[in-house]
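Below, chains carry the letters A, B, ... as their sequence lines are ordered, and counting in each starts from 1.
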Amino acid sequence: MVFNSYSFLVFFAVNVALFLLPLPWTIKKINLLVASYLFYAAWNPPFVLLLMLSAVVDYWLARWIGASENEGFRKCLLLGSLIMNLGLQALFKYGRFIVENFNGVLGFCGVEEQAPLPDLILPLGISFYTFETVSYLIDVYRRRLQPSRSFLDYALFLTFFPHLVAGPIVRAEDFLPQCAIPRRPTWSQFGWGASLMLLGMFQKIILADLVLAGAADRVYVVNAPVATSDAWFGTLAFAGQIFFDFAGYSTCGIGAALCLGFALKTNFKFPYGAIGFSDFWRRWHISLSSWLRDYLYIPMGGSRGAQAAVCRNLMATMLLGGLWHGADWKFVAWGGLHGGYLLGERGLRHYFGHWKILEWPLVRGLLILATFVLVLFTWVYFRADNFASANRILASMFGWTTATESVLGSARKIGIGAVLLGLVLVHTLMRDKSLEDVAAKIPWYAVAGFGAILAMIIILFPGEERAFIYFQF
Amino acid sequence: MPSSTSSFDPTDTPQPPQGPWRKTVLLGAGLIIVASLALELLGRGFGLTPQVIDDGDLWCAERAKVRPGDTEQMVLVGASRMQMDVVPEVLAKHFERGNPVQLAVNGRSSTPALKDFAADPTFNGILLCDVMPGHYFGGQKEDSGTQATYVQHWHSRSFVSSIERPLSTALQSMATLRLLGWARDEGTQVWWKTGRKPKPVHVRMLANRSIIADFKTAKIDQIRALYLRDFHRAYPEALSEDKIEQNISRLEPWVKEIQARGGRVVFLRLPVAGQLRDEEDRVFPVERCWKRLEETSSAICINFADYPYLARFECPDGSHLDGADREAFTNELAKVLKEKLPSPANPQAKQIATGSAASRIPH
């Protein structure tokens, strides 16, 4: 079930109504849990069993890890749970990729036999709920978190529908305490939650799908050289599309949770206003980047130790972060580019970071622009169907193309340019602020009017139905 | 117990801005209701009527009505001619086996659906295929185009689409609101630019995927010119005999597969007129295309032009019947189908009908 659907509207309205009934807190949580399983089952019912299995096994493993004093036994349990969780993810998400590469190696070595390719359906959201449960188990193992004493709370943490299929990747330490206390949404929570949902749907339905997706598709499906202007505008369109698509989903999810009285952390903080790449990753998909930092980068040694070790840690984290996005080398290349940028930035900071000129507004603006343009190049690998296509688009961006005829019309280019210019400007101006700060300064009737305008645009311009890009991860 | 390595930061959790949110929510909801009603009234004032918007989910909702093992159920595939000329409810009255399932897709070749039904081991009903010469003899690919997308969607559909689609069909059948917002709608654009009241769209899709045309409100000359332009673009020159032969012969294995399970396939050429018919017949000559199909195919072939009581209907836009004629046309078509369709009681019906077609007229 996607947020931008009638079935979700009905589902959500029923859930809010049930949640507001004067029922015991445990019953309300059971209702939410059942609803979350229904939400998941709406896509492919049998995979609910996988989600349930994960909840049951990890709940008990965490309990045993928490209760045991035997360090070896605890380590074994943790290892077992990691193998199970990451193994399932590897099987469903990377099984085909691994076999394809294995076959490639066999072919390279002159072996004619090829292993059959597994044809498995990728369970929706497996990357998200696996990371949630893994972080919980590691925190319990590190004794930084007490294992939950309530299966209901733990299952709800893992399954809560607003974050289930495409994040934000919620931490148990943030969510479980909220399950302990009965929650009843206040008018401000409900109102702001509904506003965030409208904003998220507007980003997804209007900006991502209606305005930008078509142009990006048009340029990237062409199996031939494209004109330089098309390569730039197609990539700009995708940069906007993926932000509005994913940030739109996160905003909807955070809003839906807030309408029920639950607070989820912000997942995007105006990333196209970032100065440099470490800043970008503090603003883009924050719940993933902080997960990678806490459970991969720091355990590997983080920024401690020799420069070479730090570089290795950083690059490994970004390459694996890339692979998390999909079973394809192009995602690894995308992560590798970001890793390279981060290393480059680290070197530049070392030599030039103390320069006062970097604080000048004009220089900061130029740095934002430079960061954005460099991020654009990484999106080429993310969006293209394969390396050949990505390389062709990149070459076209630098003028190395034989194509002269543009597939995008002038009006479309102007539209993309206007939306992206507005996006980068808003992100630049808002980089040190929050939506909440801005909304607090607007008169209440203007907030109501703005919300109504967004709703009417969504109603009047339904656009095309497209799945959220991050569902595939 | 927050983790020391955690990114936990209370300021990352959105705190709702302070303000009179109760009033804000109520005013916002009120504005949405008032604006929606106003726009709905405006749309109705323009003469717009609610209509269903076709998509893969709607196609799948219809496809789900195909009953496995029902040898008498009729399934309609094709393009807009099938949607606009044939009334499933009227066919149902004649054949008394429930409403035929309407799976035609506007402007698209139905061969992907034919191929898919051939591959479906549970299907052994009556497949009525609207043979648009370009789609069948022009050799459009079975793996591309909207119809192919719908077929793929059927095989990968999610459980929720069976809930989502009835909800959107119900809303689309009630309100014109969404139509008004269609940026591509010519009438709406005229209204935005000039303030002139737009003409209602002359076609209306129903929940069963049939389309009703009211050509009284249509710009007939423009539509005819558009169809001709599209035809010339799609088929700039006549195809070689070999190519046509190849395109025809690809159909037979699918027909055989359906027949092997006890199903039946009817190839049906629906009315076309004027310049468009001339062009169709020029690029896909009847002798080389339709006649060849009749000769080589084990399916039942019905060409409207062979039956005066089918050929007498007018196509105002050159390609489709007016909504007022579709019932009468379907009644006549049902008679032909009854005569030609072999049934368990009359397995030789095709041969009998072909041999004694006194009513057929020569080209």
Visitor: Holding to side-chain contact (heavy atoms from CB on, under 4.5 Å), I want the full list of residues that pass it with L26(B), two or more places apart in sequence or in another chain.
Guide: R22(B)
Visitor: On a heavy-atom basis, which atom in E164(B) and which in S5(A) lie closest, and how many Å separate them?
Guide: OE1-CB, 3.3 Å
Visitor: Between S135(A) and chain B, which part of the residue has a heavy atom less than 4.5 Å away: side chain, backbone, both or neither?
Guide: neither
Visitor: With only heavy atoms counted, which part of V438(A) is less than 4.5 Å from chain B, the side chain, the backbone, both or neither?
Guide: neither
Visitor: Which heavy atom of A452(A) sits nearest a heavy atom of L31(B), and at what distance?
Guide: CB-CB, 3.6 Å
Visitor: Could you go through the side-chain contact (heavy atoms from CB on, under 4.5 Å) check for L9(A) and L167(B) one step at a time?
Guide: CA-CA 10 Å; L9(A) 278 182; L167(B) 283 172; over 6 Å; no
Visitor: Would you name the heavy atoms of P17(B) and A439(A) that are closest together and state the gap between them?
Guide: CG-CB, 3.7 Å
Visitor: With sequence neighbours left out, write down each residue that passes salt bridge (Lys or Arg N to Asp or Glu O under 4.0 Å) with D437(A), or none if nothing qualifies.
Guide: none
Visitor: Taking side chain as everything from C-beta outward and backbone as N, CA, C, O, which of these in V160(B) sits under 4.5 Å from a heavy atom of chain A? Side chain, backbone, both or neither.
Guide: both
Visitor: For chain B, which of S195(A), S7(A), G191(A) has the most heavy-atom pairs under 4.5 Å?
Guide: S7(A)
Visitor: Of the non-hydrogen atoms in A448(A) and T24(B), which two are nearest, and what is the gap between them?
Guide: CB-O, 3.4 Å
Visitor: Can you confirm whether W21(B) sits close enough to W192(A) that some side-chain heavy atom of one is under 4.5 Å from a side-chain heavy atom of the other?
Guide: yes
Visitor: Looking at every heavy atom in both P16(B) and L258(A), which two are closest together, and how far apart are they?
Guide: CG-CD2, 4.2 Å
Visitor: With a cut-off of 6.0 Å (strictly less than), are more than 12 heavy atoms of other residues, nucleotides or ligands near CZ of F450(A)?
Guide: no
Visitor: Based on non-hydrogen pairs under 4.5 Å, which of F190(A), W444(A), F8(A) is most in contact with chain B?
Guide: W444(A)
Visitor: Check M456(A) against L39(B) and note the closest heavy-atom contact, atom names and distance.
Guide: CE-CD1, 3.6 Å
Visitor: By a 4.5 Å heavy-atom criterion (distance strictly below it), what part of A446(A) contacts chain B: side chain, backbone, both, or neither?
Guide: neither
